[in-house]
Amino acid sequence: QVQLVESGGRLVQAGGSLRLSCAASGRTFGYYHMGWFRQAPGKERESVATISWSGGTTYYADSVKGRFTISRDNAKNTVYLQMNSLKPEDTAVYYCAVRLISEPDFGSWGQGTQVTVSS
């Protein structure tokens, strides 16, 4: 399976910015989509943003539209999440994930990186 390692999470002040990175390695048999998900304390996991192989198609949760930007560098097998205008409600463990083009769902997940936004 694909192995994913997230980095960049830390404590920040509300209104600040962070850039998360996720590096993929292992059995990437062909093209794949990548995405970011998060799970806040006491809440269920939710999708934050996804991006296609070419980077031409992106999707964002309504709660982050206009504030977050997802991008990828295929040469480095890395996906990024630029987070601006952070709110305390953004506090969560952020996970990256991979979906192979031939698969219907995201099947490989990282261990997560903690993002904490203070008010």
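Residue numbers run from 1 in the order of the sequence given. Atom set for the values below is all heavy atoms of this structure, side chains included, hydrogens, waters and symmetry mates excluded.
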Pairwise side-chain contact, Gln39 with Tyr94, heavy-atom cut-off 4.5 Å (strictly under): no

Arg72 NZ/CZ over Tyr32 ring centroid, <6.0 Å and within 45° of normal: yes

Within 6.0 angstrom of Gln13 CD, more than 12 heavy atoms from elsewhere: yes

Hydrophobic cluster identity match, Val93 and Val117, side-chain contacts under 4.5 Å: no

N/O donor-acceptor pair under 3.5 Å between Tyr60 side chain and Ile70 backbone: yes

Side chains of Gln114 and Arg10 in contact at under 4.5 Å (non-hydrogen atoms): no

Partner residues of Thr57 under the side chain to side chain contact (heavy atoms under 4.5 Å, CB included) criterion, sequence neighbours left out: Ser52, Tyr59

Verify same cluster id: Leu86, Tyr95 (apolar side-chain graph, 4.5 Å): no

Qualifying residues under side-chain hydrogen bond (donor to acceptor under 3.5 Å, both in side chains), relative to Asp105, sequence neighbours excluded: none

Residue pairs, two or more places apart or on separate chains, that pass disulfide (SG to SG under 2.5 Å) and touch residues 45-94: none

Spatial distance of atom CG (Leu4) from atom OG (Ser25) [nearest 0.5 Å]: 7.5 Å

Hphob cluster co-occupancy, Met34 + Leu100, side-chain heavy atoms under 4.5 angstrom: yes

Distance in Å, Ser85 OG paired with Arg67 CZ, rounded so as to fall on 0.5 Å steps: 7.0 Å

Under 3.5 Å: donor-acceptor pair, side chain of Asn74, backbone of Trp53: yes

Heavy-atom side-chain proximity of Asp90 to Val115 below 4.5 angstrom: no

Could you list the donor-acceptor pairs under 3.5 angstrom formed between side-chain atoms of residues 43-50 and any protein atom two or more places apart in sequence or on another chain?
unit_1	atom_1	unit_2	atom_2	d
Glu46	OE2	Arg38	NE	2.8
Glu46	OE2	Arg38	NH2	3.3

Single-linkage hydrophobic cluster, 4.5 Å side-chain cutoff, Trp109 and Val98 together: no

Test side chain to side chain contact (heavy atoms under 4.5 Å, CB included) applied to Arg19 - qualifying residues, sequence neighbours left out: Tyr80, Gln82

Considering all heavy atoms, the nearest Val79-Cys96 contact: CG1-CB, 4.5 Å

Distance-only side-chain donor-acceptor flag, Thr78 / Asp73, under 3.5 Å: no

Joint hydrophobic cluster, Val64 plus Ile51, side-chain heavy atoms closer than 4.5 Å: yes

Residues that Phe106 engages under ring-ring contact (aromatic ring centres under 6.0 Å, His included), provided they are two or more places apart: Phe37

Contact check, side chains of Ser118 and Leu11, non-hydrogen atoms, under 4.5 Å: yes

Distance, nearest 0.5 Å, that separates CG of Asn84 from OG1 of Thr69: 6.5 Å

